[in-house]
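Right, one structure below, let's go through it.
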Amino acid sequence: MPPVLESLLKIAVLVGGLMTAAAYLVLVERWIAAWVQDRLGPNRVGVPLTKIRLFGLGQPVADGVKFLTKGEFTPGQVDKILYFVAPVAIFVAAMAAFAVVPLGSVVLPASWGFDGPVRLAVAPGLDVGMLYIFAVGSVAVYGVVLGGWASNNKYSFFGAVRSSAQLISYELPLGLGILGVILATGSLRLDNIIVEQARSGTWNVFVQPLGFVVFCVAAFAEAGRLPFDLPEAEQELVGGYHTEYLGVKLMLFMVSEFLHMILAAFLIVILFLGGWHFWGLTGSAEAVSWPVALLRVVVLLAKVMGVILFFMLARWSWPRFRYDQLMEVAWKVMIPWGLINVVVVATWMEYGVQLARPWNLSAAQGMAIVGWGVLLLCWLATTIIDPTASGNRPRRDLSVNDNCSE
Amino acid sequence: MTNHQHILTLAVLLGAVGLWLMLPRGGARGRAVGTVLGIVALGLWFSQFHGLGQWTADGMFFVLAAIAVVAAVGAVTSRNPVYCAIWFGLSLLGTAGLLLLAGAQFIAVATVLVYAGAILVMFLFVLMVAQPEGKASCDQMSWEAGVSAAAGIAMVGVLSVAIGGILAPSCPAMPPIAPPTQEELAAGVLDPHQVARLGDELFGRRLIAVEVAGTLLLAALVGAAVIVNQFSGRRHDGQQKTV
């Protein structure tokens, strides 16, 4: 099979799979929302023209048809070109990020027309994989910002301004959370990060819990999931940056939102939860035959699904942050924690073996103890100092005559 | 002067006139003519390009180069500052694609990450906050259109005549560029340790330069924080915006 054809095949599978996954995750999200709120949720749409209900599995198809067949109305006050560009930009950026995400490990050749080992990623050779995801993810901001600006509507505009500040602020803790993993692995490639965890059998979450917390919170914010969904905030901004959108363009925004969530889940699993590795089940060699490779894909996707379910439960467990709280969490808690994590990991990488030797510990065990200890200390320090203490009280620092130390 | 250099000189002159006509000089006169001249100049430039040897690589190069150049022209000729920023971002994406094609993965991705991802979003943010009504009159004019068109195109002209002269087929000193061999690809584009080598170089031999640059940025950050805090006693988000 020529390489171009192989790439096209992978792209087709990836795009088809992701679009279907996004559609059905909407249904899953609605089911979970219903379960949390003690309702029934969507359970009626099944096979058309019959009375078969299939637990509502036909709902995404009906939603899709509705989105696609809605009249394409363009509001009069919008900036026509950017109004059209914004959803395309956000969708392309969300989709392009998956090019370097490994959906499994390397498969050794076995008939089926492949001549070399098959790598289960669209662009497996990119040495800067993690940075590429960052770069493409930062392009996704444009969709939100342009959508809000082009709509020429105050609600959309507020959503766009909020989100540009939010997404830029949370890119810093996101990067700091990843930095520890990259230091420990010594590579920016996602497949190398998984192989390293599989080889040692220690997932990064066990040795760098602080980095995991920072990265998870930042990933929630970057995906715009509920505690951090200020860009759209239905109750206060109608729909935020996509207030003025409908039909296919709105669908592109919605799908991109779910793609961001799927990407965040993939990254959490790959960076911290061992990727396709599971003890005693998948082995740790990089290249394997088809059956084991498929098992690994299943393990990876199961983990990703678990993280996505966590995302959806979190949605109904916390109320939305207020804007100043959002910024305080990013700048006063998450960034210091991320910096501490990087310093601790770097120090341990340099002196860990010597420090662990007197206690008869392996480097991984020592790192785990240090990591959890640091997490505990950070949490204690944060609760005692309480940088976000202004909380729900009146803001003293906003009065003109007050010159408090802040 | 060879025929080759004649064509390049013609392309430079056409490009200069076209760019001058396209720049917003307080009216829409001649924009269409300028666009046509610009496209002709771009075609002349491309016609003098010696292929990389493979049609896929050539095609990618032409598409990316066209995106980068057209978007760059759009960035200076557009009347609406938001459009200028978007054109600039598109130009950066084209440039990043060219860098990727040349095998410089890290620089390509870093260009998108730093410029398109951080700096340009900041531009948009400021434009939106400062001019929510859209266009300020001062942004719709190009001051000194003639001088800027001449200066910009002079640089492109010198570069293209110089590089084009070296790459001319009649020039005996330099054979036409051969397509990269598999070994060269393995050492460049497909090198699995590209970033590690770059890191070694940056934080080994060039450590002092990196440290100096970092210190400079820190000084700029502190300066920005000081300037912001001068203006009012109350707390605001000045530090965040300057990062």
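Only a predicted model underlies this, so the values are computations on that prediction, with no experimental measurement involved. Sequence lines set the chain letters: A, B, ... in the order given, protein chains first and strands last, and positions in each chain run from 1.
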- Item | Within-4.5 Å side-chain heavy-atom neighbours: A:Tyr142 and B:Leu124 | yes
- Message: I'd like to check A:Phe134 versus B:Val112 (side-chain heavy atoms, cut-off strictly below 4.5 Å). Are they in contact?
- Response: no
- Can you tell which of A:Val85, A:Val139, A:Val145 has the highest number of heavy-atom pairs within less than 4.5 Å of chain B? A:Val145
- Query: Given a strict heavy-atom distance threshold of 4.5 Å, which part of A:Val161 is in contact with chain B: side chain, backbone, both, or neither?
  - Reply: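 For A:Val161, heavy atoms of backbone and side chain both lie under 4.5 Å from chain B.
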- Item | Engaged part of A:Ala165 at the chain B interface, taking heavy atoms whose separation is under 4.5 Å |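 Contact with chain B is through both the backbone and side chain of A:Ala165.
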[X], [atom1]: over 12 other non-hydrogen atoms inside 6.0 angstrom:
{"X": "B:Tyr83", "atom1": "OH", "answer": "yes"}
{"X": "A:Lys80", "atom1": "NZ", "answer": "yes"}
{"X": "B:Leu218", "atom1": "CG", "answer": "yes"}

- Query: Roughly how far, to the nearest 0.5 Å, is the CG atom of A:Leu188 from the CZ atom of B:Phe106?
  - Reply: 7.5 Å
- Task: Hey, could you give me the CG/CD distance between A:Leu131 and B:Gln105, rounded to the nearest 0.5 Å?
- Result: 10.0 Å
- May I have all residue pairs that pass ring-ring contact (aromatic ring centres under 6.0 Å, His included) and include part of residues 161-180 of chain A, sequence neighbours excluded?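 Checked against ring-ring contact (aromatic ring centres under 6.0 Å, His included) - neighbours excluded - the pairs reaching residues 161-180 of chain A are A:Tyr170-A:Phe228.
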- For B:Ile86, is it the side chain, the backbone, both, or neither that has a heavy atom closer than 4.5 Å to a heavy atom of chain A?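 Just its side chain gets close to chain A.
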- Message: Just so I understand: if I count every heavy-atom pair under 4.5 Å between each of B:Val114, B:Val121, B:Thr111 and chain A, which residue has the most?
- Response: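 Most pairs with chain A among the choices: B:Val121.
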